[in-house]
There are 2 protein chains.
Amino acid sequence: MARRQDGGPRAAMTASAVALMRERGVAATSFADVLAHSGAPRGSIYHHFPGGKSQLIEEATRSAAHQLTDRIQRILDSGDTVTAIRSIVDLWRRVLEATDYVAGCPIVAAALGTEASARDIAGVSFTRWTEMIGARLVGDGVDPARAATLATMLVSALEGGLILAQAQRSAAPLDAVVGELELLCRAAGAVTPTE
Amino acid sequence: MARRQDGGPRAAMTASAVALMRERGVAATSFADVLAHSGAPRGSIYHHFPGGKSQLIEEATRSAAHQLTDRIQRILDSGDTVTAIRSIVDLWRRVLEATDYVAGCPIVAAALGTEASARDIAGVSFTRWTEMIGARLVGDGVDPARAATLATMLVSALEGGLILAQAQRSAAPLDAVVGELELLCRAAGAVTPTE
DNA sequence: GTCTATACGAAGATAGAC
DNA sequence: GTCTATCTTCGTATAGAC
């Protein structure tokens, strides 16, 4: 009934735009690239995206933000924060290995890109993730007054570690970050799995 | 005597390239932009940079890396790690406020850019910073086995916090990160100023 | 909804005059 | 060492046919 998502060219194009943004950034992602990558018919660009590239990038960013937010929420729902951190890092690691360390976080690409609206969406996304993680930390026993700053630290360190991993073509920075974050969470009073 | 750095158009162009990379990334930084920003004579592009844009970006990245590395080293030499973190964040904060939150870290721009050689320089730069900070941590009393991962955490969290700050147009993420990093350093045994 | 053709400008790069 | 002119390619965007 209310299914108006269309799985056709439009969805394929936003998905491809996300993939290309992750690998080369917003500015270096062209329509021609998106068409080639998605296999979408050439004539449907401005039919589906009358706002041109701005609109495509904006919708791609929104799509990536929703997807990642959902994924993070599911991870947070299925365990404590420390376990969630490990899951997220495993996710990044798989992406890096599958793309020869070229693909990063699409939201970071949007944040550092040339499209103002996409940058704003990135900002909201980061805020959202921070709030979600903060709530999870409180549930784990962390002092609510502390949870917000700790959550910001988690997001920042994971995104930064991912960038170092891309630049060094190695997952080692992510491993270092996850270890330090675990220590920090435990010291802050978050429950930990006894494994 | 061995001063062969030239303060002319060439230096002005690399400096402008760095500034533009910080604001809009590597891909969106064109020769025309660099010329306009630096005021360099139009005819001197391929005279000074026969390798074209690749060479310009590579040299700009190298220049930015040297500058930042020197700056970090000086900061680390003048106090303990916790004090250094505050100084670095203050530096970022001034940059953000002076540029309406558009300018970020040039090395991150290089790491996520389209120029392979620049990305490699970024990777080496991050490694270098990590080693420098690690040495400082050891000097502060941190267990040498721990210093490397903690140093990686510092670099990752600061770079990530800077990106969140840019996206949210607020220095708040940096403040959160610096607070958490201080806790982590203290818990790791780094000496702290009694202030 | 999708096609081709095309306009228009920007960007990287080269040649040859001064 | 710097200039102008030019070439080519690419990218965005539009028009109009199918």
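Bear in mind that the values here come from a model prediction, so they are computed numbers and not experimental data. Convention: sequence-line order gives letters A, B, ...; per-chain numbering from 1.
Relative to the six-membered ring of A:F49, A:R10 meets both conditions, a distance below 6.0 Å and an angle of at most 45° to the axis.
For the residue pair A:E23/A:T99, the side-chain donor-acceptor check at 3.5 Å is not satisfied. If you check the side chains of A:S30 and A:D33, you find a donor sitting under 3.5 Å from an acceptor.
Looking at B:T69, its side chain does come within 3.5 Å of a backbone N or O of B:A65 through a donor-acceptor pair. Not one N or O on the side chain of B:K53 forms a donor-acceptor pair closer than 3.5 Å with the backbone of B:E115.
Linking ILVMFWY side-chain heavy atoms closer than 4.5 Å, directly or via other members, places A:V177 and B:I85 in a single hydrophobic cluster.
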- [ ] Determine, for nucleotides 8-15 of chain C in 5'-to-3' order, which nucleotides have protein heavy atoms under 4.0 Å from the base (write B), from only the sugar-phosphate (write S), or from neither (write -).
- [x] ---SSBB-
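In this view, A:S87 and A:I75 satisfy the side-chain contact (heavy atoms from CB on, under 4.5 Å) rule, not counting sequence neighbours.
If you take CE of B:M13 and P of D:dT2, they are 10 Å apart, rounded to a whole angstrom. A:I45 places its CD1 atom 12 Å from the C1' atom of C:dC3, with the value rounded to the nearest Å. The interatomic distance linking A:F49 (CZ) with D:dT14 (C1') rounds to 18 Å, in whole Å. Between the NE2 atom of A:H48 and the C1' atom of D:dA13 there is a distance of 17 Å, given to the nearest Å.
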Could you list the protein-to-nucleotides 16-18 of chain D atom pairs, N/O on both sides, closer than 3.5 Å?
none

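A sub-4.0 Å separation between OP1 or OP2 of D:dC3 and a side-chain N or O of B:H47 is absent.
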